[in-house]
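Heads up, the thing below is written out as structure tokens.
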Amino acid sequence: MLGVTAWSGAAAQSPLRVSPSVVRLGEVALRSKNRVEFTCVNVSDRPLVIREVRTDCTCTKPAWPKAPVMPGDSVQVSVVLTPTDRGAFYKTLRILTAPASPEPVQVVLRGKVY
């Protein structure tokens, strides 16, 4: 997998821990399909469900398991990024859970489209 940065304070208090929290894709081709996966771990003491993965734009399509994630278990979330504009990008994904986190957990996709 690609680069990882430190967790934000809000993410550290969340029942869901995500790794990596920042994915550096480097240079990608215009309209190419770029699949990224990250791991979500339930660090709480009760089951939780990933309700939604919100994205900045329609060029990112997330997919995730809908079943509850038991305490200590992990799931893979995948995102397909198909850039439609050239230049640098910084896409934020917000993961919403039930029960709700104090703040949504975030994952960032970074890179440049040529």
Side-chain angles (χ1 to χ4, degrees):
M1 206 72 178
L2 303 168
V4 179
T5 61
W7 302 71
S8 72
Q13 299 168 5
S14 171
L16 190 68
R17 187 157 300 153
V18 178
S19 178
S21 60
V22 175
V23 178
R24 291 178 179 83
L25 292 168
E27 290 191 356
V28 298
L30 184 68
R31 292 184 178 67
S32 62
K33 292 193 183 294
N34 302 275
R35 184 181 170 148
V36 174
E37 289 191 342
F38 49 91
T39 303
C40 297
V41 179
N42 180 353
V43 295
S44 75
D45 59 357
R46 43 187 204 171
L48 64 83
V49 173
I50 297 174
R51 288 189 304 117
E52 185 178 1
V53 178
R54 292 187 180 162
T55 64
D56 288 32
C57 70
T58 59
C59 66
T60 51
K61 303 286 185 206
W64 66 94
K66 308 304 188 247
V69 182
M70 295 297 141
D73 285 352
S74 64
V75 295
Q76 292 294 115
V77 174
S78 65
V79 178
V80 176
L81 169 73
T82 309
T84 56
D85 295 314
R86 294 186 197 281
F89 64 85
Y90 185 96
K91 306 291 181 189
T92 303
L93 304 155
R94 291 169 185 80
I95 303 168
L96 305 176
T97 61
S101 295
E103 301 233 357
V105 176
Q106 296 186 3
V107 175
V108 173
L109 307 179
R110 298 182 73 165
K112 184 176 181 180
V113 180
Y114 63 91

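Sequential numbering from 1 along the given sequence is applied to the chain's residues. Only this structure's heavy atoms are used, side chains among them; waters, hydrogens and symmetry mates stay out. Note that the structure is a prediction, hence the values are computed from the model and not measured.
Under a hydrophobic clustering in which Ile, Leu, Val, Met, Phe, Trp and Tyr are joined whenever their side-chain heavy atoms come within less than 4.5 Å, directly or via other members, V53 and L25 fall into the same cluster. Note: the hydrophobic cluster containing V77 does not contain V49 (ILVMFWY, side chain heavy atoms under 4.5 Å, direct or indirect links). Hydrophobic clustering, with ILVMFWY side chains joined whenever heavy atoms are under 4.5 angstrom apart, groups L30 together with L109. Taking hydrophobic clusters as Ile, Leu, Val, Met, Phe, Trp and Tyr residues chained together by side-chain heavy-atom distances below 4.5 Å, V75 shares a cluster with V105.
We find the CD1-CG distance between I50 and L16 to be 5.5 Å, quoted to the nearest 0.5 Å. To the nearest 0.5 angstrom, Q76 atom CD is 9.0 Å from F38 atom CZ. Distance CH2/W64 to CD/E37: 14.5 Å, rounded to 0.5 Å. Note that the OG1 atom of T82 and the CZ atom of R31 stand 10.5 Å from one another [nearest 0.5 Å]. The distance from atom CE of M70 to atom CG of L48, rounded to the nearest 0.5 Å, is 9.0 Å. Interatomic distance, OG of S32 versus CD of E27, reported as 11.5 Å (0.5 Å rounding).
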Worksheet item: Given V69 and C40, is the side-chain contact (heavy atoms from CB on, under 4.5 Å) satisfied, shown in steps?
Response: CA-CA 9 Å; V69 182; C40 297; over 6 Å; no
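Residues P68 and N42 fail the side-chain proximity criterion, which asks for heavy atoms closer than 4.5 Å. Considering only heavy atoms from C-beta on, P15 stays 4.5 Å or farther from P47 through its side chain. Under the 4.5 Å side-chain criterion, counting only non-hydrogen atoms from C-beta, R35 is not in contact with V79.
The two atoms that bring T97 and P99 nearest to each other are OG1-O, 2.9 Å, heavy atoms only. Residues P83 and N34 share a closest heavy-atom pair of CD-ND2, 3.7 Å.
Just one residue in the list V28, L81, D85 forms a side chain to side chain contact (heavy atoms under 4.5 Å, CB included) with V113, and that residue is V28. When each of R110, R94, K91 is tested with D56 by the rule salt bridge (charged side-chain N to carboxylate O under 4.0 Å, His left out), just one qualifies, namely R94.
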